[in-house]
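Have a look at the structure below before the remarks.
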Amino acid sequence: MAAMEIEFKFHVPAQRLKAVEAALRRGSVVRTRLQARYFDTADQALAAQGIVLRLRKEGRRWVQTVKATGDNALHRLEHNVDLGAAAGSAAPAIDPQRHQGTPVGERLAQVLAASGAPLVERQSTDIVRLTRDVRTTGVGAAVVELALDVGKVIAHAGTPDERESPVCELELELKRGEVQGLVTLARRWSQQHGLWFSTVSKAERGARLLAKLDTVPAVRAAAPRFAERKDRLDGRAIQQAVVASCLAQMLPNASELAAGSTDEEQIHQLRIGIRRLRTALRELGPLDAGSGGFDAAQWEPPLVEAFRALGALRDREQIVKLAQPQLRDAGAPEFDPLAGDEAGADAPLSPGEVVRAPAFQSALVSLIGFTAATPAKPGDIAGEAAPESAPLNAGDAHRLLRKQLQRLHRQTVRDGRRFESLAPEDQHRTRKRLKRLRYLAEFVVPLFAAEGDAGRYLKRLRPAQDALGEFNDEAVALALYRDATGRDARAWFAVGWFSARHAAGAKACRKALGRIGKAPRFWKKKKN
């Protein structure tokens, strides 16, 4: 059976498990023991391509399954082959050919052919699953399967090096109906039970055990994945692809932080993802403003709150790390500007507390649902053509994007010419506008043919980004050390040093911004 899975997966904190199980048992549940074996090549060729291949004993039956990442955070390509009831204690042999003729099977075959390496068992799982179907009614009616999985992932089973990782998660899978019904139910269970969205699959848990990884690398931004026929993408499709690309960076980093990581780079990349998403919400809203699905007013407040809270944790420490070596080289007295500055203040939230906040998790769930929803087309419902609610067609969407890029470019160049005379708040606004210009350009590069010109344009932005970033860091450091003078007179050295550098920094920003005006604007149509 081939299918496209649409599902949410939440981590269930141990202290919440009893309440979640009790809520699940308010309806008719089915209990199944799932014992799975996961296969890959020795060099993990399948995992590198987001593919999972497994044999799983479900009760008395064996099922072979292959899964792969789909178009967004909710979609998963999947194909299952029922191998029948178990005969004795021996498991059937793994056979990739069982998935031949399916999209995910073709992807599996291509990766294995390119690798040329044989399949080996990598890890196993032993899970007890409770399942129950829930019907939602009204707008977005759907049938959703809730599955509570409790058990463990095992690596190097039966050897002295055997290791385990606990599993305690709730999956909600759309069986029939509308994505909105799934989103509504997912938000309800997440809010009621303090769950958080997790991107870590059982296969990945096993891979981490095998590699003895405590912390995984932060996920960085990637370009949106648009359909092949870019000239046919309407405004809604563009919005969905861009939001999905932002979530592809945000969700893995948020998942790690929610689980307890304090990795600085994961915090940094999550903040970049949030900033990119806020640019998308601001600049792409007009592409489908009347559909009711693109709800920036609802999504942005918790994003802003999380961005600021994570910044409060990271930025001050990072500024000091950058500033102290320079000050030391300049002969400054040794001094910690952060010592004692939070006396009597409430302790800041940890990264995990910020990410696990109900409002932030609710926004993530809604945004993920937006990327997967299929909007009703005008005329689907009799008497509701509502042309003003339709997304812009491909031609109008491209024209709007060109206009948005040109506006940001013009404003950035204008402010660059007079940067030294701008008030501090306007200088900061220029820096934020430059970031929006960069992110919007990166979003739409795949939509325009002249990608070479786009690369040259983005390259012209980088020196200005670096100059304005350094200028902003020094402004923050100046304010930080100025605040510290009330506690320690040694801070005055830093105040004087950063004040003396201010004019030169502003001049460097003006020059770097001035070079953007000469950059080839890739979005402008070429004359024949």
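All residue numbers refer to positions in the sequence shown, counting from 1.
- The shortest distance between side-chain heavy atoms of Val444 and Phe522 falls below 4.5 Å.
- The shortest side-chain heavy-atom distance between Ser124 and Val153 does not fall under the 4.5 Å cut-off.
- Taking SG of Cys168 as the start and CG of Leu148 as the end, the distance is 6.5 Å to the nearest 0.5 Å.
- For the atom pair CZ (Arg433) and NE2 (His428), the distance works out to 12.0 Å, reported to the nearest 0.5 Å.
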Legend entry - Trace of the side-chain contact (heavy atoms from CB on, under 4.5 Å) decision for Val81 with Trp62: CA-CA 9 Å; Val81 180; Trp62 284 95; over 6 Å; no
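- Using a distance-only test at 3.5 Å, with no hydrogens or angles considered, a donor-acceptor pair links the side chain of Lys9 to the main chain of Val200.
- Residues Phe294 and Leu287 have side chains not in contact (no heavy-atom distance under 4.5 Å, counting atoms from C-beta outward).
- Distance alone, capped at 3.5 Å, places no donor-acceptor pair between the Gln361 side chain and the Gln191 backbone.
- If you check the side chains of Ser362 and Arg187, you find a donor sitting under 3.5 Å from an acceptor.
- Side chains of Ser245 and Gln249: no donor on one and acceptor on the other come within 3.5 Å.
- When all heavy atoms of Gly151 and Ile127 are compared, the pair lying nearest together is CA-CD1, 3.8 Å.
- In this structure, Arg208 pairs ionically with Glu256, as a charged nitrogen and a carboxylate oxygen lie closer than 4.0 Å.
- The main-chain N or O of Ala142 is found under 3.5 Å from a side-chain atom of Thr136 such that the two form a donor-acceptor pair.
- Phe8 has its side chain out of reach of Leu364: every pair of non-hydrogen atoms, C-beta onward, lies at least 4.5 Å apart.
- The closest donor-acceptor contact from the side chain of Glu106 to the backbone of Gly101 lies under 3.5 Å.
- Phe39 has its side chain out of reach of Pro96: every pair of non-hydrogen atoms, C-beta onward, lies at least 4.5 Å apart.
- Under the 3.5 Å distance criterion, the side-chain polar atoms of Asn253 are matched with a main-chain donor or acceptor of Val219.
- For the ring pair (Phe, Tyr, Trp, His ring centres under 6.0 Å) test, residues two or more places apart in sequence or in another chain that qualify with His99 are His79.
- Summarising the geometry of Leu349 relative to Val354, their closest heavy-atom pair is CB-CG2, 3.8 Å, with the distance given to 0.1 Å.
- Crowding of Gln35 atom CD: a count of heavy atoms from other residues, nucleotides or ligands under 6.0 Å exceeding 12.
- When all heavy atoms of Trp299 and Ser366 are compared, the closest pair comes out as NE1-CB, 3.4 Å.
- Going from atom NE2 of His398 over to atom CG of Leu447 covers 4.5 Å, rounded to the nearest 0.5 Å.
- The main-chain N or O of Ala258 is found under 3.5 Å from a side-chain atom of Arg356 such that the two form a donor-acceptor pair.
- Annotation for Val104 and Ala68: closest pair CG2-CB, 3.7 Å, computed over non-hydrogen atoms.
- Partners of Arg407 under the side-chain contact (heavy atoms from CB on, under 4.5 Å) rule, at least two apart in sequence or in another chain, are Glu283, Gln404, Arg410, Gln411.
- Between Trp189 and His193, the angle of the ring planes lies from 30° to 60°, which puts this pair in the tilted group.
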Legend entry - Steps toward side-chain contact (heavy atoms from CB on, under 4.5 Å) verdict (Gln266, Gln269): CA-CA 5 Å; Gln266 290 170 354; Gln269 291 302 322; 6.0 Å; no
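- One distance of note links CD of Gln239 with CG of Leu392; it measures 8.5 Å at 0.5 Å rounding.
- Considering CG of Leu83 and CZ of Arg56, their distance stands at 12.5 Å, rounded to 0.5 Å.
- In this structure a side-chain-to-backbone donor-acceptor pair under 3.5 Å is present from Ser261 to Asp263.
- Taking both residues in full, the closest heavy atoms of Ala155 and Leu209 are given as CB-CB, 3.7 Å, listed atom of the first, atom of the second, then distance.
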Inset, instruction - Assess whether side-chain contact (heavy atoms from CB on, under 4.5 Å) is satisfied between Val167 and Thr125, documenting all intermediate values. - result: CA-CA 9 Å; Val167 173; Thr125 61; 5.9 Å; no
Legend entry - Trace of the side-chain contact (heavy atoms from CB on, under 4.5 Å) decision for Phe360 with Glu305: CA-CA 8 Å; Phe360 184 71; Glu305 184 176 352; over 6 Å; no
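- In this structure, Arg129 does not pair ionically with Glu58, as no charged nitrogen and carboxylate oxygen lie closer than 4.0 Å.
- Atom OG1 of Thr102 is separated from atom CG of Leu77 by 8.5 Å, given to the nearest 0.5 angstrom.
- Between the side chain of Thr65 and the backbone N or O of Asn80 there is no donor-acceptor pair closer than 3.5 Å.
- No side-chain donor-acceptor contact under 3.5 Å links Gln64 to the backbone of Ile94.
- In this structure the side chain of Ile272 reaches within 4.5 angstrom of the side chain of Arg276, judged on heavy atoms.
- The side chain to side chain donor-acceptor pair (under 3.5 Å) pairs that include a residue from residues 21-31 are Glu21-Arg25, where partners are two or more places apart or lie in different chains.
- Judged by distance alone, with hydrogens and angles left aside, the side-chain atoms of Gln100 form no donor-acceptor pair with the main-chain N or O of Gly105 at under 3.5 Å.
- In plain terms, the two heavy atoms of Ile267 and Pro351 that are nearest each other are CD1-CG, 3.7 Å.
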